[in-house]
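Down below is the structure, laid out as structure tokens.
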Amino acid sequence: MNTLLKWCTSCSRWLAWFGGLALLLSAALISLDVIFRAIWKTNYFESFELSTYAFAIATAMGMSYALVSKAHIRIELLYVKLPPPWRAWLDVWSYLGLAVVSLALVYWCAQTVMGNLDTGARSNTSLAIPLAAPQGLWLLGLSWLAVVSTLYALFGLIKVLTGRSEEAGRKLGMATLQEEIEAGLGKEKT
């Protein structure tokens, strides 16, 4: 299971890079649109539409990486006061909740994508992009989040049920300062 979770981390990192690249490309298109409007008074690249798609895709692609790198936001007021076994159970419940919500999102997003694919829906701009294309990438990111959150929830549940709550806490729990420093997210103590 640990090997599978490492593979999920690697795939999530690649998807996050893909989402970041989409945002960079949309920023470049926006810059070109601004330049073209200033000089030639024309909107050539349709950057608003493309950047909207890029933002949705990047968000969906980045959520699984936020989960595996422990970059998500937590309210730790009660959590830090509990003993480690209770923390592990709270971690498992939070990942189970995320898995349920992400699976529901995938279901309804798939309905949207399939409906737009069946009807051949296109954006009502000069680009006339088939809506199923950007929505399909969006669905891919959300589907990967559902897979990763479900695997992490199962990992944690197996660990706490077999009496290894500290192992579940290390994988699912809040990031320690050392983990944040290694990931480049935290600041070193002065």
Should [X] and [Y] be counted in the same cluster of Ile, Leu, Val, Met, Phe, Trp and Tyr side chains packed under 4.5 Å apart?
| X | Y | value |
| --- | --- | --- |
| F55 | M61 | no |
| Y107 | V147 | no |
| V80 | L90 | yes |
| V160 | L5 | yes |
| L15 | W7 | yes |

Between [atom1] of [X] and [atom2] of [Y], what distance do you get to the nearest 0.5 Å?
| X | Y | atom1 | atom2 | result |
| --- | --- | --- | --- | --- |
| C8 | R13 | SG | CZ | 12.0 Å |
| W93 | L98 | CH2 | CG | 14.5 Å |
| M1 | K171 | CE | NZ | 10.0 Å |
| L145 | L67 | CG | CG | 6.5 Å |
| E49 | I129 | CD | CD1 | 4.5 Å |
| L154 | L96 | CG | CG | 7.5 Å |

Evaluation steps, side chain to side chain contact (heavy atoms under 4.5 Å, CB included), between L21 and W17: CA-CA 6 Å; L21 180 62; W17 276 101; over 6 Å; no
Qualifying residue, where the test is side-chain hydrogen bond (donor to acceptor under 3.5 Å, both in side chains) with S149 and the options are S64, S102, S94: S102
OH/Y79: more than 12 non-hydrogen atoms of other groups inside 6.0 Å: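 Correct, the count exceeds 12.
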Over 12 non-hydrogen atoms of neighbours within 6.0 angstrom of CG in N124: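 Counting neighbours around CG of N124, 12 or fewer heavy atoms of other residues, nucleotides or ligands fall under 6.0 Å, so no.
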Remaining members of hydrophobic cluster (4.5 Å side-chain criterion), L24: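 When side chains under 4.5 Å apart are linked, L24 ends up in no cluster with other residues.
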Are [X] and [Y] side-chain neighbours, meaning at least one heavy-atom pair lies under 4.5 Å?
| X | Y | answer |
| --- | --- | --- |
| L140 | F18 | no |
| F48 | T52 | yes |
| L82 | W89 | no |
| T150 | Y95 | no |

Heavy-atom pair of closest approach, residues [X] and [Y]:
| X | Y | result |
| --- | --- | --- |
| A16 | Y65 | CB-CB, 3.7 Å |
| V92 | A153 | CG1-O, 4.3 Å |
| V106 | A146 | CG2-CB, 3.9 Å |
| C109 | L142 | SG-CD1, 3.4 Å |
| G156 | L172 | CA-CD1, 3.5 Å |

Please enumerate all residues that pass side-chain hydrogen bond (donor to acceptor under 3.5 Å, both in side chains) together with [X], with sequence neighbours excluded.
| X | answer |
| --- | --- |
| E166 | none |
| W144 | S12 |
| R122 | none |

Identify each donor-acceptor pair in which a side-chain atom of residues 25-36 lies under 3.5 Å from a protein atom, sequence neighbours left out, and give them as a table.
from: S26; atom 1: OG; to: A22; atom 2: O; distance (Å): 3.4
from: S26; atom 1: OG; to: L23; atom 2: O; distance (Å): 2.8
from: S31; atom 1: OG; to: A27; atom 2: O; distance (Å): 3.0
from: D33; atom 1: OD1; to: Y44; atom 2: N; distance (Å): 3.4
from: D33; atom 1: OD1; to: F45; atom 2: N; distance (Å): 3.0
from: D33; atom 1: OD2; to: S47; atom 2: N; distance (Å): 3.0
from: D33; atom 1: OD2; to: S47; atom 2: OG; distance (Å): 2.6

Stepwise side chain to side chain contact (heavy atoms under 4.5 Å, CB included) check, W86 with D91: CA-CA 9 Å; W86 284 93; D91 292 330; over 6 Å; no
Check: G173 main-chain N/O paired with R87 side-chain donor or acceptor under 3.5 Å: no
Residues that K159 engages under salt bridge (charged side-chain N to carboxylate O under 4.0 Å, His left out), provided they are two or more places apart: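 Applying salt bridge (charged side-chain N to carboxylate O under 4.0 Å, His left out) to K159 gives E167.
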Residue pair T112, Q135: steps toward the side-chain hydrogen bond (donor to acceptor under 3.5 Å, both in side chains) verdict: CA-CA 8 Å; T112 301; Q135 289 174 348; over 6 Å; no
Test side chain to side chain contact (heavy atoms under 4.5 Å, CB included) applied to W14 and T9, step by step: CA-CA 9 Å; W14 280 104; T9 300; over 6 Å; no
Derivation and outcome, side chain to side chain contact (heavy atoms under 4.5 Å, CB included), residues L137 and Y53: CA-CA 9 Å; L137 291 172; Y53 298 144; over 6 Å; no
